[in-house]
Amino acid sequence: MPAQNVLVIGLGYVGLPLVVEAARAGFRVTGFDTSTEIAAGLNAGRSHVDDVSDEQVALARAAGFTATADEAAIGPQDVIVICVPTPLSEADGPDLSAVRAAAQTAGRLLRPGTLVSLESTTYPGTTDEVVRPLLEKASGLSAGMGFSLAFSPERIDPGNPQFGLVNTPKIVGGITPACADAAEAFYGRICEQVVRAASAREAEMAKLLENTYRHVNIALVNEMAIFCRELGIDLQDAIRCAATKPFGFAPFYPGPGVGGHCIPIDPNYLSYKVRTLGYPFRFVELAQEINGRMPAYVIERATDLLNRNAQPVNGARVLLLGVTYKKDIADQRESPAQPIARRLRARGAQVAYHDPYVPTWQVDGQDVPRAADLEPAVAAADLVILLQAHQDYDLPRLARAARLLLDTRGAVPKTAATPHVEAL
Ligand SMILES: NC(=O)c1ccc[n+]([C@@H]2O[C@H](COP(=O)([O-])OP(=O)(O)OC[C@H]3O[C@@H](n4cnc5c(N)ncnc54)[C@H](O)[C@@H]3O)[C@@H](O)[C@H]2O)c1
């Protein structure tokens, strides 16, 4: 008898797509989020997540989905999936407080035979060492016997039109083989392909390997961007050529720094775990150092460009285009636009921004003026810095309108008519 009731704990970028697809697969889905606003919005049919439309929420609602912020209103569940945030603490270590709280909630709601799956990104060992004891204590049942416990990393790529939850292979790792069977059976009803890891630890590690791989490779091209400029080499062109190799190479591109919830944060979880062994994870620490320096490098380049026009940064009108961490989405978490705006302001620049996805923007609690009319604002700025090449931007046109343009994405086509445009 397949499981019917599914509880998703944490209804954000990861939890909400799961709600939608589980409801579509025929499960009766309840969503629990500590935010009453989010729960109420979803019950009213409003999505707060870029990749999920209001129509999809309405379809899930029609299939029986309800959201709640009241744990007491939730009955026992066949499957409980934990999708809560895993940020960094003040000391840059893992902050598992939401995972712990969600495990306690899950422990109170599970019954014999329930599958609990953790999807939040975290360091290897969390499922077994942190979540398992909390579930066992709250339920009085033992994992692997009374209930199943697995880790299944989320691989959501916000804004990706090609790959979503259903057609991205789903990794599952159980704390016992029977737990993996249960997780495979559940996700097999939602996703096209389920990949079994040897255990929960390998599944946890797989996710961190993926993110660390991106982090390190982005750092590699960022470091190259800095010296290629001094050597007079067009790195974007070199990457374009290298990417024609049909095997053994994946292209990564330089940029103003890394953002989002995954790349700047998750590798810290792994380096934290490695440090418990008494030595550092040098690749991650180096990548962090290089990527973390990119906003300062953007400022250096911006200063050089203005200098070429005999202008100081102090008093210059600088327009930032695209302040989200990724193109074509509204998510601003960890966006390098923040430190860039902060540094420009500290040097006396008059900073404004434009972003079709961001109606208002604050840096250090202070509003940054939004350019309402894009093209006149581009033409009026002493310097335009393209931070995110959103599809809405007609880049050749904006390049012609700008006086000086620093293209941190290598996205503006180079022409003889735009010598005032420089790529990072
Ligand atoms: N966003 C992504 O692209 C992405 C991709 C892969 C993995 N992940 C990982 O997935 C996890 C979730 O990330 P997200 O982007 O969905 O976060 P999010 O902030 O978008 O959503 C998390 C939700 O959980 C809620 N919440 C917090 N504590 C709770 C609790 N104790 N009980 C119930 N709800 C609670 C919050 O109110 C929020 O709505 C993180 O570990 C993240 O690293 C995220």
Side-chain angles (χ1 to χ4, degrees), residues 7-20 30-42 46-52 57 67-74 77 80-89 94-109 116-124 126-127 130-131 134-135 138 151-160 163-165 168-171 203-204 206-215 258-270 324-335:
L7 172 68
V8 178
I9 303 182
L11 302 173
Y13 280 85
V14 170
L16 194 57
L18 178 64
V19 162
V20 165
T30 305
F32 172 62
D33 200 291
T34 42
S35 159
T36 45
E37 211 182 320
I38 286 178
L42 291 171
R46 280 195 309 276
S47 169
H48 59 292
V49 167
D50 284 314
D51 286 344
V52 177
V57 173
T68 181
D70 178 11
E71 193 186 310
I74 307 169
Q77 300 291 321
I80 302 175
V81 188
I82 299 174
C83 305
V84 296
T86 44
L88 290 176
S89 63
D95 175 358
L96 290 181
S97 53
V99 169
R100 285 199 178 87
Q104 267 148 356
T105 303
R108 286 191 285 271
L109 294 169
V116 179
S117 172
L118 175 65
E119 293 207 5
S120 304
T121 306
T122 182
Y123 58 79
T126 306
T127 310
V130 178
V131 174
L134 291 167
L135 293 173
F151 182 78
S152 181
E154 183 42 68
R155 291 168 135 179
I156 287 286
D157 181 19
N160 188 326
F163 291 106
L165 175 61
T168 304
K170 191 85 173 103
I171 297 171
E204 289 162 332
K207 172 70 191 181
L208 292 178
L209 173 59
E210 290 167 13
N211 282 357
T212 305
Y213 168 84
R214 282 188 63 73
H215 194 35
V258 286
H261 193 275
C262 291
I263 306 300
I265 293 178
D266 299 348
N268 283 285
Y269 273 67
L270 193 50
T324 58
Y325 88 84
K326 196 174 179 188
K327 67 186 271 196
D328 302 327
I329 63 166
D331 196 343
Q332 297 170 41
R333 290 181 291 181
E334 313 291 326
S335 170

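Only a predicted model underlies this, so the values are computations on that prediction, with no experimental measurement involved. Counting starts at 1 for both ligands and their atoms, in listed order.
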**Request:** Quick one: which residue pairs count as a salt bridge (charged side-chain N to carboxylate O under 4.0 Å, His left out) with a foot in residues 97-109, not counting sequence neighbours?
**Result:** E71-R108
**S120: partners by side-chain hydrogen bond (donor to acceptor under 3.5 Å, both in side chains), with sequence neighbours left out** =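 So S120 forms no side-chain hydrogen bond (donor to acceptor under 3.5 Å, both in side chains) with any residue.
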**Asked** Under 4.0 Å between a Lys/Arg side-chain N and an Asp/Glu carboxylate O for E119 and K207?
**Response** no
**Request:** Take atom CZ of R214 as the centre, draw a 6.0 Å sphere, and report whether it contains more than 12 heavy atoms from other residues, nucleotides or ligands.
**Result:**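 Incorrect, the count does not exceed 12.
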**Message:** Strictly under 4.0 angstrom, heavy-atom based: which residues surround ligand 1?
**Reply:**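 Lining ligand 1 at under 4.0 Å, by heavy atoms, one finds I9, G10, L11, G12, Y13, V14, F32, D33, T34, I38, C83, V84, P85, T86, A98, A101, A102, S120, T121, E154, I156, P158, K207, H261, C262, D266, R333.
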Contacts under 3.5 angstrom, residues 35-42 side chains, donor-acceptor by atom type, not counting sequence neighbours:
from, atom 1, to, atom 2, distance (Å)
S35, OG, E37, N, 3.4
S35, OG, I38, N, 3.0

**Message:** Test side chain to side chain donor-acceptor pair (under 3.5 Å) on E204 and T127; report intermediate values, then the result.
**Reply:** CA-CA 8 Å; E204 289 162 332; T127 310; 2.6 Å; yes
